[in-house]
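One is the number of the first residue; the rest follow in order along the sequence.
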Amino acid sequence: MAETKSLCALIPIELHNKVTASKDESGLTLNQYVEKIITEYYE
C-alpha cells in the first residue's frame, strides 16, 4: 500500500453539498472519491 497523508480544506457549503451528493451517488468512500477526482484532475 502506498504511503498516505491527510488533506483538509474549508470549502463553501454549496460546493460541499454538491461534492457530498456526487460522492454518495458514486458509492465510494470520501477518501476514495477525493482521491479519484484529484487523480483524474492531474492525469
Side-chain angles (χ1 to χ4, degrees):
M1 179 179 207
E3 186 176 354
T4 61
K5 185 165 182 149
S6 181
L7 177 65
C8 184
L10 295 174
I11 59 174
I13 191 68
E14 298 84 12
L15 180 57
H16 182 280
N17 292 341
K18 289 179 183 180
V19 170
T20 300
S22 293
K23 183 222 28 121
D24 291 346
E25 290 175 12
S26 75
L28 299 171
T29 66
L30 180 58
N31 287 340
Q32 292 168 328
Y33 184 74
V34 171
E35 181 179 0
K36 177 183 180 292
I37 60 176
I38 291 173
T39 300
E40 288 175 356
Y41 177 83
Y42 282 103
E43 287 180 343

Do Y42 and V34 belong together in a cluster built from hydrophobic side chains that touch within less than 4.5 Å?
yes

Should Y41 and L30 be counted in the same cluster of Ile, Leu, Val, Met, Phe, Trp and Tyr side chains packed under 4.5 Å apart?
yes

Taking it one step at a time, do K36 and E40 satisfy salt bridge (Lys or Arg N to Asp or Glu O under 4.0 Å)?
CA-CA 6 Å; K36 177 183 180 292; E40 288 175 356; 2.9 Å; yes

Does the side chain of N31 reach to within under 4.5 Å of the side chain of T4, using non-hydrogen atoms?
no

So CD of E25 and NZ of K23: to nearest 0.5 Å the spacing works out to 11.0 Å

E35, CD: over 12 other non-hydrogen atoms inside 6.0 angstrom:
no

When rounded to the nearest 0.5 angstrom, what distance separates CG in N17 from CD1 in I11?
9.0 Å

